[in-house]
Amino acid sequence: MDPGPSAYDYTEGASAIDISVAVSNSRRSRRDSQQSLAYDDHQGTMFDGPGHSVNPSSVSRMSLHRPRSRRHSGVSQASLARRSTDMSQPPTQSPDDDDSTPEEDDISGFSPRRGRRSPSPRRSGVFGGIAHLFGRDTGDTSSRRRTSISQHSRTSSLLWGRRSEEGSQAGSGVESEGDDRWGYSSGEEDEPSDAEDIAKSPVVMERAFGSYPPSPVPSVSLPLLLGDQLFGNDTRVDIDLESLDPPPPGAPSRQTIYLVDEDVTLRFVGYEVLRWHSLAWRLACVLSLGALSLLGHWFPRFWLRWVTREKAFKDLFSGFIVIETTFSDISFFPVRRIPYPYRASTVFTSTSVPTKANGNGSGASSVNSEDSLLGSLLVIDYRYAKFALDPNNGLFSAVKDWRDHGWTGVGSVKNGLEGPLRHQRLTLFGPNVVEIEGKSIISLLLDEVIHPFYVFQIASIILWSLDDYYYYAFCIALISAVSIITTLIDTRKTIARMRELSRFTCPVSVFVDGHWLERDSSDLVPGDIINLTEPPLSVLPADLVLLSGDAIVNESMLTGESVPVGKIPVKDGDLALWHETPDVQGDLAKSFLYAGTKVVRIRKSVGTGGPFDRPALGLVARTGFTTTKGALVRSMLFPKPMGFKFYRDSIRFIMVLSGIAGLGFCASAVQFVKLGIRWHTILIRALDLITVVVPPALPATLSIGTSFALSRLRRSGIFCISPNRINVAGKINVCCFDKTGTLTEDGLDILGVRALDRRDGTRFGELLDNVYDLPGPMGREKATFLYALATCHQLKVVDGEVIGDPLDVKMFQFTKWTIEEGHVAGTGMIREARSGNGEARPAALVQTVVRPPGSAQFKLEDALKGGAKRAHFLEFGVIRTFEFVSQLRRMSVVVKRLRSTSMEIYVKGAPEVMADICDKDSFPDDYDDLLSYYTKRGYRVIAIAGKSIEGLSWLKAQRIKRDQAESNLRFLGLIIFENKLKPGTAPAIQALQSAHLACRMITGDNPLTAVSVAQECNLISQTAHVFIPAFVQGGAMTPLARVSWSCMDDPTWKLDEYSLKPLTPPTRHSDGDMLDHQDYVLAVTGDVFRWMINNAPLETLQRMLTRCQIFARMSPDEKNEVVERLQSIGYTVLMCGDGANDCAALKAADVGLSLSEAEASVAAPFTSKTPDIGCVLKVIKEGRAALVTSFSCFKYMALYSLIQFTTITLLYSFASSLGDFQFLYIDLFIIIPVAVSMGRTLPHPWIDPKRPTANLVSKSVLASIVGQISITSAAQFWAFFWVRRQPWYSPPELGADPNDNHLKATNYENTVLFLLSCFQYILVAAVFSIGRPYRKPMWTNGWLMFSLVALSLFNVTVLLAPTKFISAVLELMPLPLSARLTLLWVAVINVAVSVVFERWVTQLIADVVGMLQGLVSEHEGRRRIRESRAYRAISDRE
């Protein structure tokens, strides 16, 4: 025997050939241990957790599933076969190919996108979504939200032209993507939804789309400006692609493609520029001094109509491609052809996801009719994703979807690539780098300056300069310049850091032309074979498939879980299926290594021939931006916008103000003409009036509250990467929580174990909290509870540290045994004595070896001396592991004791599944009672079973089927884990419920345990009756199954299966119970929830969603579905979680709050460094304060504009106006300090039961604005006419100076109106500085109080005793003291009336108007249930 670190041969004499066969067919092809961790929740299993092979694509790419129709959700194999990649390769589809079967309709008629958008208050375009990303030390971004697992969106599903009838019924009356739902309404808006009309439209690919953003640019080195051109990214709503004129005849010139990873539908349209039209356009731009050019930039459709014409893709040689999205983003891409002397099959494959071609060409399929040799390739790089034009059908395909059909198994790829083939793939896929292209300062400056906001400011500055308002123009220009420079600096810093964090290269060893060559990782292409151990890798440079060896990696960048994940070599069958599947699925996830993940350990494998050690090899599957890391970076650069009703209403309100300015000028223009004012003066005065009514600083003031809320949250350890979500947080009305790690502590502590009583095997023994109290084996008993605890796990040892699932670690630490892995298990060499020639073979492939404490002092050689059948000390080798399967809810191991003639099989799993695999007589009589006792008290219980098989050899153990191994077991005992509540959980839940915010628990744990924890933290009332469902007929996959709801405390008490209302309680219930039998809640399990989504009546489903407070045994997909279903009935949802299994739900929620400090915590908009749900209270408080602040600032700026408009209009009546320094004093010394300081008011310490409104056109907001306008205007009109009746009044000189455009400002009307309006600007700020119930009182804001008091005192000084200097600068007329006192009294009365009106009258008017609306609606029989209030209507029906 060759001495070596290996201690013992567990192969029991198996030959080298046997081992070789077992290695290739068993270790690599464990077909009976199918792991589904990519879809499982670490709480929902007996031992599932972050230590297992979680598929990052389920949380980072969010593209494992396409949404399916109700009929097929969760059950359809056809839909499962169509899981999407992050970018679908489009097969062509003729417009005539719409005759599909109903089954096809059900599958393809899914909702490819969600209608929510993320507004960004920044104006920096593409960088707006990442400007706040680096406010903390994390380098990676959020992954995209996973789409729903079932059909539920009526409007957006129309993008595919057809939809299932079941899906239609599912969404009817529940989910719409109109303004009400996707505008995050407060329930106060009254406009009807258009969803029904849209749903009836047969032309679904050609819906209204809005204006195009920028006009063509020569090249796109950085992503173009995103979002709305009038108001940044803040006003996006869910709309479909705008209908176009019929396409020209011939080959396709239009195409739509759905990108799953971005959850967006793109439309490609080919255009060519008409030469003479282009010349005419340029001449017109010159003649219009650039105004026409700006219009073409802001509204590209106008430019396209006059300068271009549509042309087929394949015929484009000097034109460009327009790519438009459903978010009103448009990009122009000049035609780019690259030399490509290779065959078409090297770019285009038949693997694709359906798209639709909007042309007259044939192209019924993207399967290449001819594998012709290409001379050149037309390509488009859209947001770092490359598309290529297929010359056979004239349509684009995503390059990243190409698959090598030669990958049929490990043997087909082991020789790597040849040099010419690598060059071809490098030409096609580009370098393997995730590098963000930079923009010059000039380009960034131009992008910023041509934004409508700054164009308006520049035009205003020019206007004021022409009117000799030099001081005011200079101050505004200075402020604008500072703002632009600050934005440019922030953008440059952000991009620099993004480039630093995203770009990564390292030396790698690549197998090329039969030789190992060291290359830079940027040179890698799909198909390369690289050595993962030489040179050693710390971070993976590309998406790889593990071919040999094993690996442990940290995928926290992708999943948020910092627990290492084990990877095993790929099976031939899984590798062969790679070209047929659009993304990583099933068992392939266990062998897939993602770019950007950190390497914990990579080991070479043990071979069967010389040399014995084979290196750890990886097959490059994806490179550059096509990798998972690339998708994360792209999601940072191009965040999906989100609509919020406040922002849309603010745009509409600004338009209304512009209309008021127009009406005011029309009235003034008539008077100007009568007074003989020159026309150019009238024109300047008209433009000046627009700048008065629509102040340039208005958009900037709307972000004040958000900015201060961000800084306060940052100081509290809560970081936000999506600032627009802060205002959305103010509208939250339901809070969803994960359980383990969120409501309860992260780790599980072992309370103890319950083994069978030795004296009486029919009952459990006492609870044992010390492993030494466990009884040892008796007689010939080999499978014992202690040995099961020591071996039934999947722990690894890296650098002497035991790593793996936290539950496994706790269980093994309880035994106090030691574990050895790696160099101990199977690295020695043993010579075959019976081979005759001393041939050596590799040692046994044992995964881990465990020993009891104190055994380290023994030597293996001593244990093996002599002929004893047993060794002198214990040692167990884990021969084989059947990994955890979420459907089976268990895992098992095959174990061999040193020198034993038998092997033992131990199974660890959920107690509910043990009845199916254990002998009935092995269960104690009190099994159910004890299990119920612990689960109802919130403990987590895991069952252990085992058996011994005499004569089982190593080779047979490798071949045994899982169902054979996990059968006829003997029950051994229970492990009880306690999961303690976090100290802040109960107080936070109580505070939320006191504010009438609904709370839900969405967990993967046992429903009884979940209910117990919910009752402990008061999420469920202790007196509430809890009803749990169970299938009494059929199962989760049976459409006609029947579900019965039973009370936990009394199973004979049921709910009505349709209405989910309690039936008559059993007679044994007391009268007290009878009185509150309507106080009940539901706790639903994942299988029942999935069945109800697919098959239950709509009303039953909706009532379940409103009544259910516990969602147990939920997979990550089902967690995501719960959130979206709650949103569909009008809830604004906050989701709080801590793990990878929550990422999809965190992304789907209106506000996602992660308690994980891992890098991938950027998957949620908010991240808390304090792992306590108390941060939810802070986010909601700050959200409400920020939303109210935004309202206050907007109302203040609107009133400021209208007050000044009233002043100017009255002065215009006799050709007068305010002076330059009067404007300067009002705008710079009153408005800006007050507007900024208003946002510094802190949130109220308690959350009020009533949510603030997000609707600017609500009754209360409109009543407030209209009332305050009336009061202030009345005061100014009184002052205007009052001064003219005074005996000391002298009329002004009418008309303007014929030598310039100035209107005279020195007159009594000007002085009186200016002095009075200065007080009005201050009083309006005080009136609109709302305190309770959402913010602290106004006087707690020191900055605001200082501003108001200082300005008020200065105004009183100017009114009563102005100095000569002040009078001269402000162009004031001398007034008698009595007149000054009169104006002071009028200002005081104005303040009092405004305060009284805002405090009491506003709400009274709103209530009266609402009552009248209700009476009218009831009289006309038109009472309508808005979808934003659907959950209220459902509750009311109870």
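In what follows, residues are counted from 1 in the order of the sequence shown. Since the model is a prediction, treat every value here as computed from it, not as a measurement.
Judged by distance alone, the side chain of Trp578 and the main-chain N or O of Val584 form no donor-acceptor pair under 3.5 Å. The backbone N or O of Gly527 sits nowhere less than 3.5 Å from a side-chain atom of Arg422 that would complete a donor-acceptor pair. No donor-acceptor distance shorter than 3.5 angstrom exists from the side chain of Lys400 to the backbone of Phe625, with no hydrogens or angles considered. At least one donor-acceptor pair closer than 3.5 Å links the side chain of Asp513 to the backbone N or O of Gly419. With hydrogens and angles ignored, the 3.5 Å screen pairs no side-chain donor or acceptor of Lys598 with any backbone N or O of Ser538. Judged by distance alone, the side chain of Thr627 and the main-chain N or O of Ala542 form no donor-acceptor pair under 3.5 Å. In terms of modelled atom types and a separation under 3.5 Å, the side chain of Thr623 and the main chain of Val525 share no donor-acceptor contact. Of the possible donor and acceptor atoms, none in the side chain of Lys590 sits under 3.5 Å from a partner among the backbone N and O of Val570. Within the 3.5 Å criterion, the main-chain N or O of Thr408 finds a donor-acceptor partner in the side chain of Ser412.
Residues Thr848 and Leu795 approach most closely at CG2-O, 3.7 Å, considering heavy atoms. Across all their heavy atoms, Asn432 and Leu524 have their closest contact at CB-O, 3.7 Å. The minimum heavy-atom distance linking Phe333 with Ser331 is given by the pair CE1-CB, 3.2 Å. Of all heavy-atom pairs between Gln424 and Thr346, the closest is NE2-CB, 3.6 Å. Across all their heavy atoms, Arg634 and Arg383 have their closest contact at NE-O, 2.9 Å. Contact detail for Ala388 and Val399: the closest heavy-atom pair is CB-CG2, 3.9 Å.
Taking the charged nitrogens against the carboxylate oxygens, Arg336 and Asp381 do have a contact shorter than 4.0 Å, which makes a salt bridge. Salt-bridge check for Asp543 with Lys629: failed, with every basic side-chain N at 4.0 Å or more from each acidic carboxylate O.
Open room surrounds CD1 on Ile441; 12 or fewer heavy atoms of other groups in view lie less than 6.0 Å from it.
Every salt bridge (Lys or Arg N to Asp or Glu O under 4.0 Å) that Arg425 has, sequence neighbours left out, goes to Asp404. Every residue two or more places apart in sequence or in another chain that forms a side-chain contact (heavy atoms from CB on, under 4.5 Å) with Ser440 is listed here: Ile442, Ser443.
Side-chain contact check for Leu532 versus Leu593: some heavy-atom pair is nearer than 4.5 Å. Residues Tyr384 and Glu437 form a side-chain contact, since some pair of their non-hydrogen atoms from C-beta on lies under 4.5 Å apart. Between Asn554 and Thr597, every side-chain heavy-atom pair lies at or beyond the 4.5 Å cut-off. Between Phe511 and Leu617, the closest side-chain pair of non-hydrogen atoms is not below 4.5 Å. Residues Tyr342 and Pro420 have side chains not in contact (no heavy-atom distance under 4.5 Å, counting atoms from C-beta outward). Under the 4.5 Å side-chain criterion, counting only non-hydrogen atoms from C-beta, Ile568 is not in contact with Asp550. Ser548 places none of its side-chain heavy atoms less than 4.5 Å from the side chain of Pro615. Residues Val600 and Val553 have side chains not in contact (no heavy-atom distance under 4.5 Å, counting atoms from C-beta outward).
For an aromatic pair to be called close, the ring centres must be under 6.0 Å apart, and Phe387 with Phe396 fails this.
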